[in-house]
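Naming convention: chains lettered A, B, ... in sequence-line order (proteins, then strands); numbering from 1 in each chain. On a predicted model such as this, the values are computed, not experimentally measured, just so you know.
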Protein chains: 2
Amino acid sequence: MKGKATSFDIAHQAGVSQSTVSRALRNSPLVNEETREKIHRIAKELNYKVDKNASNLRSQQSGTIALLLFQDPTSDDSQINPFFLSMLGSITRACTQRGYDLLVSFQQLSDDWHADYEDCHKADGIILLGYGDYTDYEEKLLQLEEQKTNYVRWGAANEGHPGISIGCDNFQGGFEITDHLIQLGRKNIAFIGGAGIGSPEFFDRYKGSCAALEKAGLKPNPKLQIDTITTEQSGYAAALQLLALKQPFDAIFCASDLIAIGVIKALRERGVKIPEEVAVAGYDNIPLSEFIRPTLTTVQQDTKLAGEVLVNTLIDKIHDKSVKTTMLPAKLIIRESCGVAKK
Amino acid sequence: MKGKATSFDIAHQAGVSQSTVSRALRNSPLVNEETREKIHRIAKELNYKVDKNASNLRSQQSGTIALLLFQDPTSDDSQINPFFLSMLGSITRACTQRGYDLLVSFQQLSDDWHADYEDCHKADGIILLGYGDYTDYEEKLLQLEEQKTNYVRWGAANEGHPGISIGCDNFQGGFEITDHLIQLGRKNIAFIGGAGIGSPEFFDRYKGSCAALEKAGLKPNPKLQIDTITTEQSGYAAALQLLALKQPFDAIFCASDLIAIGVIKALRERGVKIPEEVAVAGYDNIPLSEFIRPTLTTVQQDTKLAGEVLVNTLIDKIHDKSVKTTMLPAKLIIRESCGVAKK
DNA sequence: CTGAAAGCGCTTACAG
DNA sequence: CTGAAAGCGCTTACAG
């Protein structure tokens, strides 16, 4: 046989019409069982596979989801935040489970990505993942809305943001870890990570942290908040910046584990003892966090659950079911880097 | 306008035929420049995107590559070997660079994956990635060959394997790290990892290790080789097994970093000093390896290069260029876990 | 340089 | 339960 077999080849061999073949292969109840089995057998013999381009074109859907992963424009090409890598893994798995294919693409926030995947029928919907300045982001989100693109976004699950978001309860996470630090006797808690509308997730973590301080009758010191992006290097730089301020502090809550790793490196180099002199906390619970020394106290975002919720929500949206922005619980993971209660 | 715009809508507005629109949009030199610009402008206004299903169906190609990632059936669902995650990242990036889309899918080696992606025209070619028993694998590889599927595989770049493989020079890597251990005065070097035709990559590392021993006039002790799969847990178990043998050894060369991490954990729990009493070496240079204590001496596989070579080779194959199995150099990364020279 | 027409391989009303 | 036919939205010979 030359080239790939088509449904007509099968029809010919089976002595039925091509329509019947199409029905049989999709296990339509309309087809006589005997005929169906025969067709399945011949299909197998001929090594026949449905041409997805043809079936998608005809049925106007693709059975495919596109995952767009944004990266900090500054980040090294080879280095992807392990947290997103975990998400990628769990999203891939969730798609497989639901029988969807997954197209993966890395993007710069500045790229002209917002119209591509769904519009050209390569995907039925889009998952948006990644950090970046939210203010750059929002405009494109609004365009997606306008085009009625099916999409869900991993991020801050705030009211007022366009579209559907799935995110961790960042406020709660920030609150709990700060509360934990306070319980351990820390009073001057610095925050390293963006705290503004450009990074709403980090901002929520910061707000949660401030709320915990206030609840304990402590006043957040705005001088102890340092903006930074999510890389080890920038965490390192931010820690040096913090030390240079000569403001007293006895703990640092880092907006991500990657930042915390850089911070720990900087403190060690300066001879600051962790956690005796300064406690360090992270956020994300990336696999690395339990291997660095000291092991990192952090907040877990359940990537497995997150991937499933993202995929399920998007698929529901594709099927016009009603979906809503969802906040996933944050979970405090206590290890060594914040020490234990001072007696 | 109801629904998405088609090339006919543009043709209508531009006052030309649909064929001309199609040509103009693909920047065919056949089209008058003025007409082309007009068409591009209208396309933009109407937010038109070429329907990929239609164009793929017609032109019989997809501009898409499928990445199939196999996992150890025993591995925890949530845990993917970080080495493969890095590969996934670099492959994604390489695809973006070459203008190809990437479909990602996780598979069990036992699944009926071997016929799916290319045959149903979802992808022009397949990249195979992952560990697993090679003997299970080979049969399906042969089927791919028979179907004339375009594929490349990450793995042992051995003669005699079907198809095209891209892989690290595992023999060289095993040789160099063992040679390094010998230079440091180690004489009884254990190997943890499969050494047989089921895991040809590990086997090559083992062979390289044995070659280094022999070159130094030492005899490899087969009792010091323990089969295991690539997870932290199985590395842990294998180390305990090795200790129980009561065979003397002063170094362990682990077939992967993940195994090494488990081994280190086991040795520490048993009070064995690393590297004073036993040196531990890994393979892969995963990001974790520089963060565990002691930091891990290991062999780097250049994932960035590997991803590029895999993608470029596959694309060449798709375009019927001649391609060949390629071996990438291994690079020794010296850290703390093997110690320094004994005086 | 442009247009009319065929056709990629399916799915799905429609008719029986 | 089955078949003949239309049509998804393109690309690409073919003719001019």
Engineer: One pair to check against side-chain contact (heavy atoms from CB on, under 4.5 Å): B/Asn312 and B/Arg98. What are the steps and the verdict?
Structural biologist: CA-CA 8 Å; B/Asn312 291 338; B/Arg98 295 292 305 260; 2.7 Å; yes

Engineer: Give a yes/no answer on whether the side chain of B/Ser59 brings an N or O atom under 4.0 Å of OP1 or OP2 in D/dT11.
Structural biologist: no

Engineer: From CG of B/Asp51 over to P of D/dT11, roughly how many Å is that when rounded to an integer?
Structural biologist: 9 Å

Engineer: Can you list the steps and then say if B/Arg36 with B/Arg23 is a side-chain contact (heavy atoms from CB on, under 4.5 Å)?
Structural biologist: CA-CA 8 Å; B/Arg36 193 177 65 213; B/Arg23 289 191 193 99; over 6 Å; no

Engineer: Rounded to whole angstrom units, what separation is found between the CG atom of B/Leu57 and the C1' atom of C/dA6?
Structural biologist: 13 Å

Engineer: Are any of the side-chain heavy atoms of B/Ile65 and B/Ile91 separated by less than 4.5 Å?
Structural biologist: no

Engineer: Whole angstroms only, please: what is the CG-P distance between B/Asn53 and D/dT11?
Structural biologist: 12 Å

Engineer: Could you check how far CG of B/Asn56 sits from C1' of C/dG7, rounded to whole Å?
Structural biologist: 16 Å

Engineer: Between A/Ile10 (CD1) and C/dC10 (C1'), how many Å, whole number?
Structural biologist: 12 Å

Engineer: Taking 4.0 Å as the cut-off, does a side-chain nitrogen or oxygen of A/Gln60 come that near to OP1 or OP2 on D/dG9?
Structural biologist: yes

Engineer: Distance check: side-chain N/O of B/Thr6 vs OP1/OP2 of D/dC8, anything under 4.0 Å?
Structural biologist: no

Engineer: Spell out, as yes or no, whether a donor-acceptor pair under 3.5 Å connects the side chain of B/Ser62 to the backbone of B/Thr64.
Structural biologist: yes

Engineer: Checking A/Ser19 against A/Ser22: is there a side-chain donor and acceptor pair closer than 3.5 Å?
Structural biologist: no

Engineer: Pick out the pairs of N or O atoms, protein on one side and nucleotides 3-5 of chain D on the other, that lie under 3.5 Å.
Structural biologist:
{"unit_1": "D/dG3", "atom_1": "OP2", "unit_2": "A/Ser17", "atom_2": "N", "d": "2.9"}
{"unit_1": "D/dG3", "atom_1": "OP2", "unit_2": "A/Ser17", "atom_2": "OG", "d": "3.1"}
{"unit_1": "D/dG3", "atom_1": "OP2", "unit_2": "A/Thr20", "atom_2": "OG1", "d": "2.6"}
{"unit_1": "D/dG3", "atom_1": "N7", "unit_2": "A/Arg23", "atom_2": "NH1", "d": "3.3"}
{"unit_1": "D/dG3", "atom_1": "O6", "unit_2": "A/Arg23", "atom_2": "NH2", "d": "2.4"}
{"unit_1": "D/dA4", "atom_1": "N7", "unit_2": "A/Ser19", "atom_2": "OG", "d": "3.2"}
{"unit_1": "D/dA4", "atom_1": "N6", "unit_2": "A/Ser19", "atom_2": "OG", "d": "3.0"}

Engineer: In this structure, how many angstroms lie between the C1' atom of D/dC8 and the CG atom of B/Asp9, rounded?
Structural biologist: 14 Å

Engineer: Do the charged groups of A/Arg41 and A/Glu37 touch, with an N to O distance under 4.0 Å?
Structural biologist: no

Engineer: Would you tell me if any nitrogen or oxygen in the side chain of B/Ser7 comes within less than 4.0 Å of OP1 or OP2 on D/dG9?
Structural biologist: no

Engineer: Rounded to whole Å, please give me the gap between OH in B/Tyr48 and C1' in D/dG9.
Structural biologist: 7 Å

Engineer: Could you tell me how far D/dG16 sits from D/dT12 if I compare only their P atoms? Round to whole Å.
Structural biologist: 22 Å

Engineer: For A/Ser22 and for B/Asn32, find the nucleotide of DNA chain C with the closest heavy atom, then tell me which residue's nucleotide is more 5'.
Structural biologist: B/Asn32

Engineer: Please tell me if the side chains of A/Leu144 and A/Leu128 come closer than 4.5 Å, counting only heavy atoms from C-beta onward.
Structural biologist: yes

Engineer: For DNA chain C, please output the secondary structure as dot-bracket, reading 5' to 3'. Pairs are Watson-Crick or G-U wobble, both atom distances under 3.5 Å; mark crossing pairs with [ ], other-strand partners with |, unpaired with a dot.
Structural biologist: |||.||||||||.|||

Engineer: Does a side-chain N or O from A/Arg26 land closer than 4.0 Å to OP1 or OP2 of C/dT12, or not?
Structural biologist: yes

Engineer: Please classify the nucleic acid contact of A/Ser55 as base, sugar-phosphate, or nothing, using heavy-atom distances under 4.0 Å.
Structural biologist: sugar-phosphate

Engineer: Cut-off 3.5 Å, no hydrogens considered: what does the side-chain donor-acceptor table look like for residues 316-323 of chain B, sequence neighbours left out?
Structural biologist:
{"unit_1": "B/His319", "atom_1": "ND1", "unit_2": "B/Ile315", "atom_2": "O", "d": "3.1"}

Engineer: Has B/Thr92 got a side-chain atom pairing as donor or acceptor with B/Leu88's backbone, closer than 3.5 angstrom?
Structural biologist: yes

Engineer: Using the side-chain contact (heavy atoms from CB on, under 4.5 Å) rule, take A/His40 and A/Lys44 through it: C-alpha gap first, then chi angles, then the decisive distance, then the call.
Structural biologist: CA-CA 6 Å; A/His40 274 282; A/Lys44 191 145 201 176; over 6 Å; no

Engineer: Could you tell me how far apart B/Arg58 (CZ) and D/dC10 (P) are, to the nearest whole angstrom?
Structural biologist: 13 Å

